[in-house]
Structure formats: C-alpha cells, structure tokens
Amino acid sequence: MLLRDTLFAFNPDYVIHLAAVPPAPTSMEAPEEAFRAIVRGTNNTLMCIKDLPDLQRYVHISSSMVYGDFVYAPADEEHPKAPKEIYGAYKYCTEVITRTFCPLYGIDYAIVRPTAIYGPSDGNDHVLANFLRNALDGKPIVVKGADLRFDFTFVEDVAQGITRATFAPEASSHVFNIARGEGRTLSEAAQIVADLVPGTEIEYRQPDRRLPVRGALDITNARTLLG
C-alpha cells in the first residue's frame with residue numbers, strides 16, 4: 001500500500017524500476033529475499049502503475065546475467081537467454097512479466113540490461129570496487145578467474161543510457177544492452193588498479209563456477225535508437 005500511495009501522491013510521468021538485491025552472488029545466499037525484491041517487487045510495481053493516469057513510460061532495469069554463459073561475444077539482445085544462477089533467473093523472469101503485463105494494460109515500456117557497473121560510492125561489493133578497496137587498504141587484489149572477461153561500464157554512462165531509454169520515443173517496447181561495448185579480463189583490470197596504487201600485490205584464484213562466463217555486449221541497438 002505504501003508504494004501505491006506514494007506513486008499516486010506524486011503521479012509520475014515516468015517510472016524507472018531499479019530495485020533488486022545486488023550483487024548476483026548475494027541472491028544465491030539469500031534466494032527468498034532476492035525473490036521478494038526482484039520478482040515480487042516487479043509484480044507489485046506493475047500492479048501499482050497500471051492505474052496511474054499520466055504514466056508515459058515504465059523502464060525496467062534487468063541485467064546481462066539473463067544471458068548466462070555467453071555463446072558468442074559481443075552478445076546482442078537476441079542472444080539466447082539461459083540464466084546460470086538465481087539473480088539472472090529472477091531478472092529474466094521479470095523481463096517476461098514486463099513484456100506480458102505492459103501490453104496487456106497499455107503501458108509503454110523499455111527494458112535495459114546493464115553490466116559490470118563501476119563508479120564512485122559503489123557499496124554493492126562489485127569486483128572493481130573490491131579491487132580498489134583492497135589496493136587502497138594495502139591488501140592484495142584477489143582475482144577469481146584471470147581470463148574472465150567483463151564489459152566494465154561506468155555508472156554515469158549507465159545513467160545516461162537509462163535516461164535516454166526513458167525519454168526517447170524510439171525506445172518504446174525495446175530491450176537495450178547498456179554498456180561500454182568492450183571486454184577486459186579481470187587480470188587486465190587488476191593490473192590497471194595495481195599500476196594506480198604502487199606496491200599492490202595480485203593474487204590469482206579459481207573462478208566461481210556458479211557464475212556465468214560473460215564478455216562484451218553488443219550496443220548497436222542503443223547506438224542506433226538512443227544515440
């Protein structure tokens with residue numbers, strides 16, 4: 001009721017749904033909490049906004065984790081969806097809910113899939129934040145899977161992509177990868193941090209096999225329709 005009351009008190013023109021339980025490994029440790037936040041949270045949001053009188057667009061924030069192990073890279077939006085862990089499975093579930101619910105109730109929508117976000121004030125235990133935190137604290141950087149490749153994307157660029165997906169008329173009913181469009185290995189990323197903080201040691205360990213093997217995302221759709 002609080003969400004519904006708040007939405008109707010402000011009567012927004014646009015709703016951007018970012019609520020989740022980050023990062024992905026947390027969902028595996030607390031699947032019930034993740035389900036409530038991601039899946040039930042999406043359903044509750046959609047049930048609340050369907051009656052908003054002035055809503056122009058709903059923007060749903062998903063994740064590149066919906067792809068699972070990349071079959072090819074860069075991965076475009078049509079890449080097979082085969083989530084490998086809880087977070088990706090729940091995020092893909094919310095995409096299906098969004099694509100079904102919104103047309104049914106006449107809600108204009110767009111879906112955004114960001115990936116490997118980094119930037120100031122990152123408190124979500126993301127990999128680059130951990131690298132930097134350890135380096136600045138004088139601890140070794142722990143690299144779990146030196147050859148694993150990620151499309152590291154700066155948070156302000158993600159915000160710009162979400163903003164454009166919110167307001168661009170061409171974004172209606174589309175799904176967008178929002179990323180840099182390039183891949184770097186964890187080893188490369190760790191070395192960049194070590195170069196910035198002299199004296200930093202790097203320790204290499206085996207990757208978490210529960211997590212998908214990813215890489216660069218194809219951002220042609222975002223370039224073409226969102227500029």
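If you read the sequence from its start, that first residue is 1, and numbering goes on from there.
Two residues are said to be in side-chain contact when any heavy atoms from C-beta on lie closer than 4.5 Å; P53 and N11 meet this criterion. Within the 4.5 Å cutoff, the side chain of E85 has heavy atoms near those of the M28 side chain. At least one side-chain heavy atom of Y58 sits under 4.5 Å from a side-chain heavy atom of H17. With a 4.5 Å cut-off on side-chain heavy atoms, L55 and V15 count as touching. A 4.5 Å side-chain heavy-atom check between I61 and P114 finds at least one atom pair inside the cut-off. Side-chain contact between T42 and H60: present, with at least one pair of heavy atoms (C-beta onward) separated by less than 4.5 Å. Between C93 and F35 there is no side-chain heavy-atom pair separated by less than 4.5 Å. In this structure the side chain of T200 reaches within 4.5 angstrom of the side chain of I141, judged on heavy atoms.
Residues M65 and V112 do not share a hydrophobic cluster, clusters being chains of Ile/Leu/Val/Met/Phe/Trp/Tyr side chains in contact below 4.5 Å. If you chain together hydrophobic residues whose side chains sit under 4.5 Å apart, I38 and L3 fall into the same group. Hydrophobic clustering of Ile, Leu, Val, Met, Phe, Trp and Tyr side chains at less than 4.5 Å, counting indirect connections, keeps L211 apart from V127. Criterion: ILVMFWY side-chain heavy atoms under 4.5 Å apart, direct or through other members. Under it, V59 and L46 are not part of a common hydrophobic cluster. Cluster membership for L186 and V197, using ILVMFWY side-chain heavy atoms within less than 4.5 angstrom, is not shared.
Between the side chains of T185 and D147, not a single donor N or O lies within less than 3.5 Å of an accepting N or O. Side-chain contact of Y87 with T26: a donor-acceptor pair under 3.5 Å is absent, judged by distance alone.
Between atom CZ of residue F167 and atom CG of residue L226 there is a gap of 12.5 Å, rounded to the nearest 0.5 Å. The NZ atom of K91 sits 10.5 Å away from atom CD1 of I111, with the distance rounded to the nearest 0.5 Å. Taking CD of E77 as the start and CD1 of I219 as the end, the distance is 9.5 Å to the nearest 0.5 Å. Taking OG of S64 as the reference point, atom CG of L217 lies at 5.5 Å (rounded to 0.5 Å). The CD1 atom of I117 lies 11.5 Å from the CZ atom of F154; values are rounded to the nearest 0.5 Å. Considering CD1 of I107 and OG of S173, their distance stands at 11.5 Å, rounded to 0.5 Å.
Pairing each heavy atom of P74 with each of D218, the nearest pair is CB-N, 3.5 Å. Nearest heavy-atom pair across C48 and F8 is O-CE1, 3.5 Å.
By the 6.0 Å contact criterion, CD on E201 is open, its count of non-hydrogen atoms from other residues, nucleotides or ligands being 12 or less. Residue-environment remark: CZ (R180) stays at or below the threshold of 12 foreign heavy atoms within 6.0 Å. Counting heavy atoms of neighbouring residues, nucleotides and ligands inside a 6.0 Å radius, atom NZ of K84 exceeds 12 of them. Dense packing is recorded around CZ of R214, with more than 12 heavy atoms of other residues, nucleotides or ligands lying under 6.0 Å away. Around atom CZ of F10, no more than 12 heavy atoms belonging to other residues, nucleotides or ligands sit under 6.0 Å away.
Side-chain rings of F101 and Y109 stay apart, their centers remaining 6.0 Å or farther from each other.
The list of side-chain hydrogen bond (donor to acceptor under 3.5 Å, both in side chains) pairs with a residue in residues 149-166, not counting sequence neighbours, is empty.
A perpendicular orientation is assigned to the rings of Y67 and H79, their planes being inclined by more than 60° (bins at 30° and 60°).
Looking only at distances, a side-chain donor or acceptor of R57 sits under 3.5 Å from a matching main-chain atom of A165. When atom types are taken as modelled, the side chain of N134 and the backbone of K139 share no donor-acceptor pair closer than 3.5 angstrom. A distance-only check finds a donor-acceptor pair linking the side chain of D76 to the backbone of E78 [under 3.5 Å].
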Worksheet item: Going through the distances and angles, do N43 and R40 end up as a side chain to side chain donor-acceptor pair (under 3.5 Å)?
Response: CA-CA 5 Å; N43 184 74; R40 189 174 297 167; over 6 Å; no
Practice prompt. Check the pair L7 / I49 against side chain to side chain contact (heavy atoms under 4.5 Å, CB included), numbers first and verdict last.
Written response: CA-CA 7 Å; L7 284 165; I49 68 172; 3.9 Å; yes
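Residues satisfying the salt bridge (charged side-chain N to carboxylate O under 4.0 Å, His left out) test with D13, not counting sequence neighbours, are none.
A salt bridge links R113 to E95: one of the charged nitrogens lies within less than 4.0 Å of a carboxylate oxygen. The pair E29-R210 meets the salt-bridge criterion, with a side-chain N (NZ, NE, NH1 or NH2) lying under 4.0 Å from an Asp/Glu carboxylate O. A salt bridge links E203 with R205: the distance from a Lys NZ or Arg NE/NH1/NH2 to an Asp or Glu carboxylate oxygen falls below 4.0 Å.
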